[in-house]
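Heads up, the thing below is written out as structure tokens.
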There are 2 protein chains.
Amino acid sequence: MPKKIRRPEPKPYHHGDLRRALIETALQLVTQDQDWTFSLREVARRAGVSHRAPYNHFPEKQDLLGAVAVVGFEKLRDGLLRATAGNAAPEALVEAIGRTYVRLGLENPALYRLMFGPALAEAGPGDRPTSAKLAGRQAREVLDDVIARGARSGVFAVSPDDPKDQILAAHVFWSALHGLTMLAIDDLMAPGVTVDEMIERLLRTEIKGLRQA
Amino acid sequence: MPKKIRRPEPKPYHHGDLRRALIETALQLVTQDQDWTFSLREVARRAGVSHRAPYNHFPEKQDLLGAVAVVGFEKLRDGLLRATAGNAAPEALVEAIGRTYVRLGLENPALYRLMFGPALAEAGPGDRPTSAKLAGRQAREVLDDVIARGARSGVFAVSPDDPKDQILAAHVFWSALHGLTMLAIDDLMAPGVTVDEMIERLLRTEIKGLRQA
DNA sequence: ACCTGAACACCGTTCAAGT
DNA sequence: ACCTGAACACCGTTCAAGT
């Protein structure tokens, strides 16, 4: 029998899946320390590698930020999907997805900021949309689907046969949710106005604006 | 007659109103170069002073960013005030202020990002809201006023006697406008969806959601 | 009171080597 | 192929002086 074949793990990953480890470490900085302005060197330090090592996996710091944002958007998408899993009435679905969206954003403000902040700045090779942007759009598609269901049921003033019409309606709802989440994170709401009040008021307004006249 | 009393301006402002000059220089970087991540040293360089000089007027870089954001919020407020100067019908006022808000934001994306980004992070002495936050709230008050006018005219489903009700309604509208502006700046809208389409759709939805049933 | 210049402890990124 | 370590050109902020 060879002596040390059973992986003594002399150091966690002096080689191995460093790419994944870096994303994980960065995500930890964002989620646990609520720090979305970490330095690449700090990530490398915590991952136990030299400050040069990340460049073997990400051409620029920007690309690591993008990778973290992708994970964030995937989490958001999963949460929204879970919130709309049943086949409730369209209004109830809109309420569920709206509450979930804002809650997920405020649960991890640093991650939300990163997702919609520096991570989106990359250009992407050849003007193609960045992977973070694509992940963001995929999260939004859950909203599209909820609106489409309302359109098909005839409850919403949205054409069931016109995808563009559904997408526009979903974008408006997304705008409201995104704006509220950002204003809440930035603490820009007037004193005395709570987020919960705002969510309920926003949902009532948006649903009314969406409903068949 | 004395020889050189007519201001030979040996150097623009080796002393003088450096504070204002720094804000002006930073604003130029943001507005003309669309760079809202400038360094303090770069601002000092362009202003023709040593990199230490700004610290005589701003305790931290953050405070200069805050001062720039204040100017941005004042410009936004002025624009919104101008757009709602007449006494048009409530719906027309909402449309005018909405279009103006998004237009102003997209006219200067870097400034809008700065205003709602790093500039808001400061804590402010003793938990008092930062001057940038106060300026942001003052800009929002123009929205409050438009909603209040609609409430008094009986067109909107908002109580004319309940300021909180008006503020909530204004916040919802603000959320939608802010969200759309951010999504547009971040280029997160689905391909094929234009900002103009979005503005019109958003205004129709919000006005419908606002109107008396 | 306001400015300069040197200094400190950091960055992101690159180069030249190591295995 | 992936890693290290030195190096470069920057930062924000502070200290010790200058006027």
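Computed from heavy atoms alone, side chains included, the values below leave out hydrogens, waters and symmetry copies. In what follows, every chain begins at residue 1, and chains take the letters A, B, ... in the order their sequences are listed.
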Quiz item: Do any N or O atoms from the side chain of Gln166(B) and from the backbone of Asp144(B) form a donor-acceptor pair under 3.5 angstrom?
Solution: no

Against the side chain of His51(B), the closest entry in dA7(D), dC11(D), dT13(D) is dT13(D)

Mark yes when over 12 heavy atoms from residues, nucleotides or ligands other than Arg20(A) sit less than 6.0 Å from its CZ; otherwise mark no. no

From CD of Gln62(B) across to C1' of dC11(D) the rounded distance in Å is 15 Å

Picking from dT13(C), dC2(C), dG12(D), the nucleotide nearest the side-chain atoms of Leu40(A) would be dT13(C)

Thr130(B) side chain to Ala132(B) backbone, donor-acceptor under 3.5 Å: no

Worksheet item: Side-chain N or O of His57(A) less than 4.0 angstrom from OP1 or OP2 on dC3(D)?
Response: yes

From CG of Leu65(B) across to P of dC11(D) the rounded distance in Å is 14 Å

Okay, side chain of Glu42(A), backbone of Ser39(A): is any donor-acceptor separation there less than 3.5 Å? no

In whole angstroms, the gap separating P of dG12(C) from OH of Tyr55(A) amounts to 6 Å

Here the distance between atom C1' of dC15(C) and atom CG of Asn56(A), to the nearest Å, is 13 Å

Answer for the Watson-Crick or wobble partner of dC2(D), both distances under 3.5 Å, is dG18(C)

Of the listed dC15(D), dG12(C), dA6(D), the closest approach to the Arg52(B) side chain comes from dC15(D)

The nucleotide from dT14(C), dC3(D), dG12(C) with an atom nearest the side chain of Lys61(A) is dG12(C)

Judged by nearest nucleotide, the residue sitting upstream toward the 5' end of DNA chain C, Pro59(A) or Glu42(A), is Glu42(A)

When Arg41(B) and Arg41(A) are each assigned the nearest nucleotide of DNA chain D, the 5'-most assignment goes to Arg41(A)

Atom CG of Leu29(B) and atom P of dC11(D) are separated, to the nearest Å, by 11 Å

- prompt: Taking only side-chain nitrogens and oxygens of Ser50(B), does any of them come within less than 4.0 Å of OP1 or OP2 of dC3(C)?
  reply: no

**Message:** Looking at dC11(D), I'd like to know if its phosphate oxygens (OP1 or OP2) sit under 4.0 Å from a side-chain N or O belonging to Arg45(B).
**Reply:** yes

Leu22(B) CG to dC3(C) P, in whole Å, measures 8 Å

Scanning all shown strands, the Watson-Crick or wobble mate of dC11(C) with both distances under 3.5 Å is none

Phe58(A) atom CZ is separated from dG12(C) atom P, nearest whole Å, by 14 Å

inquiry  = Any salt bridge linking Glu95(A) with Arg99(A)? Criterion: basic side-chain nitrogen under 4.0 Å from a carboxylate oxygen.
reply    = yes

